[in-house]
Amino acid sequence: MWLSTEASTIMGGLFVSVQTAGTPPKASKKKPRPAGTLYRGHEGMWSWVFHRITGVAIFFFLLVHVLDTALVRVSPEAYDAVIGTYQTPIMGIGEVGLVAAIVFHAFNGLRIILVDFWSKGTRYQKLMFWIVIALWVLTMLAFVPRHLTNVFSH
Amino acid sequence: MTTTEIAAPRSPRTRGNGTNWEKWGWLYMRVSGVVLVVLIFGHLFVNLWQGTGVSAINFAFVAGKWADPFWQWWDVIMLWLALIHGGNGMRTIVNDYARGRTTRGILKIAILAAVAILIILGTLVVFTFDPCIGNPSSDALIQLCAAH
Ligand code: HEM
Ligand code: HEM
């Protein structure tokens, strides 16, 4: 007899579904869809995926960034040469990516904090995810044209 | 008589002495996160948005900011909070994915070393900054450094 059970638990304020017990029956021809649980394929999962990827990206940027800033202790020429590369079009586009990552991580971080500490947080976690996306789009719409103008016209 | 001790469900994970480090780490991520929103958005506003943004940054720009203790402390607090926050987050990720005690141990020591070295370096850079090394490159710097 083949059995499938799904356990829903609350971890870190997010809904996490754990699929347990075995493989799907061989007879089934339907492809298993990711969105089969409360968590997988839904807002909660994507917010976690993006939060994790952006967190790692910002961390590695920061490692390099502290080193490039440290060049101010070497000489003005060394610092200006390296910061000059920040002002090239390719790096300018990279900075758009960095700001996109940090703005998402920041807004979604606040969402996580609300899920954890606000009594209604878990009820509104999906709505709050879409608010995060909306605020992220607005911030990027304001930032990107201005930043690219600075990068391409100076 | 012997009894086998099985921890009650949801009992905190402590390392014997009763301090629940995971809980404090969890709390730190949230408290530092709120402060970092202000510090990083402020940093990006001044360095990427104001004036002509990134194209205005050079040695003299940094000298101008760090002439003011306000921006020195802003950067140092941001440095400490962000590196510890990011390092602790990376530790969580290593715990999630790295298999095997040795791999995990090496990765976590590497994270700790990177965070510690960069915190020390970055703090020294801010507080030992000397605007008058090399050839002064702007009028403001020439004036400032002539007095030395
Ligand atoms: C493209 C975006 C960025 C640019 C152009 C930029 C530029 C700079 C500049 C010019 C400085 C020198 C001091 C000052 O101006 O305050 C600096 C320092 C610093 N930045 Fe950024 N920054 C960027 C993004 C970030 C981000 C996202 C973070 C945080 C994760 C960050 C963290 C820091 C820290 C901690 C310092 C102080 C370093 C030290 O103590 O030596 N920066 N940045
Ligand atoms: C802008 C302000 C920030 C906020 C509001 C924020 C918020 C958060 C929160 C609440 C968590 C905990 C998630 C959890 O426990 O499940 C977290 C995780 C993390 N943060 Fe941040 N953070 C910010 C900035 C940063 C910076 C500057 C870095 C990199 C230096 C960073 C890297 C990470 C990493 C690597 C994780 C672990 C992700 C995971 O476990 O999936 N964050 N952040």
Side-chain angles (χ1 to χ4, degrees), chain A residues 12-13 51-67 69-84 86-88 91-92 95-96 98-99 102-103 105-110 112-117 139 142-143 146-154, chain B residues 26-27 29-34 36-38 40-41 43-45 47-49 51-63 66 75 78-79 82-83 85-87 89-90 92-93 96 111 114-115 117-119 121-126 128-138 141:
Chain A
H51 200 78
R52 184 157 271 198
I53 294 172
T54 53
V56 174
I58 301 159
F59 182 74
F60 283 114
F61 164 78
L62 188 55
L63 299 187
V64 178
H65 185 49
V66 176
L67 292 176
T69 303
L71 289 174
V72 294
R73 290 298 291 123
V74 177
S75 74
E77 292 79 13
Y79 183 77
D80 288 350
V82 170
I83 210 70
Y86 275 63
Q87 295 155 0
T88 59
M91 288 293 273
E95 285 143 19
V96 169
L98 174 72
V99 171
I102 195 100
V103 170
H105 191 95
F107 289 160
N108 191 56
L110 295 176
I112 295 174
I113 292 165
L114 283 173
V115 169
D116 288 340
F117 290 106
T139 312
F143 171 73
R146 184 180 176 106
H147 179 65
L148 291 182
T149 311
N150 284 331
V151 167
F152 283 95
S153 65
H154 286 276
Chain B
W26 181 91
L27 196 61
M29 293 307 274
R30 280 138 185 88
V31 174
S32 62
V34 174
L36 279 170
V37 174
V38 178
I40 294 178
F41 278 40
H43 185 65
L44 295 178
F45 180 75
N47 290 4
L48 285 184
W49 181 274
T52 54
V54 71
S55 60
I57 298 176
N58 55 25
F59 183 85
F61 175 91
V62 180
W66 284 350
D75 283 354
M78 182 166 65
L79 172 83
L83 278 171
H85 176 108
M90 293 298 286
T92 306
I93 296 175
D96 276 0
I111 293 167
V115 167
I117 290 169
L118 289 177
I119 282 182
L121 175 70
T123 308
L124 285 174
V125 164
V126 173
T128 68
F129 178 72
D130 175 4
C132 300
I133 54 168
N135 300 316
S137 54
S138 76
L141 281 181

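Each chain gets a letter, A, B and so on, in the order the sequences are listed, and its residues count up from 1. Computed from a prediction, not measured in an experiment: that's the story for all the values here.
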Quick one: pull up [atom1] in [X] and [atom2] in [Y] and give me the separation to the nearest 0.5 Å.
X	Y	atom1	atom2	value
B/N58	A/Q87	CG	CD	7.5 Å
A/I102	B/L44	CD1	CG	6.5 Å
B/M29	A/D116	CE	CG	12.0 Å
B/L48	A/L98	CG	CG	8.0 Å
A/L62	B/M78	CG	CE	8.5 Å

Residue [X] versus chain A: region with a heavy atom under 4.5 Å:
X	result
B/F41	side chain
B/L121	side chain
B/V37	side chain
B/L27	side chain

Please identify, among B/L83, B/L124, B/V115, the residue contributing the most non-hydrogen atom pairs under 4.5 Å to chain A. B/L83
Heavy-atom pair count under 4.5 Å with chain A, highest-scoring of B/L118, B/T52, B/T92: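 Ranked by contacts with chain A, first place is B/T52.
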For the side chain of A/R146 and the backbone of B/W49, is there at least one donor-acceptor N/O pair under 3.5 Å apart? yes
Flag, side chain of A/D80 to backbone of B/F59, donor-acceptor distance under 3.5 Å: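 Here the side-chain-to-backbone pair exists.
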Please classify the contact of [X] with chain B as side chain, backbone, both or neither, using a heavy-atom distance under 4.5 Å.
X	value
A/V72	both
A/A78	neither
A/F152	neither
A/S75	backbone
A/I83	side chain
A/V82	neither

Is [Y] close to [X] at the side-chain level, that is, under 4.5 Å between some pair of heavy atoms?
X	Y	value
B/D96	A/R52	yes
B/I57	A/Y86	no
B/I133	A/P76	yes
B/R30	A/I112	yes

With chain B as the partner, which of A/G109, A/G84, A/A70 has the greatest number of non-hydrogen pairs under 4.5 Å?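 Heavy-atom pairs under 4.5 Å are most numerous for A/A70.
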Aromatic ring pairing B/W26/A/F117, orientation class (parallel under 30°, perpendicular over 60°, tilted between):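 B/W26 vs A/F117 ring planes: tilted.
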Return the minimal non-hydrogen interatomic distance between A/R73 and B/F129, and the atom names on each side. CD-CA, 3.9 Å
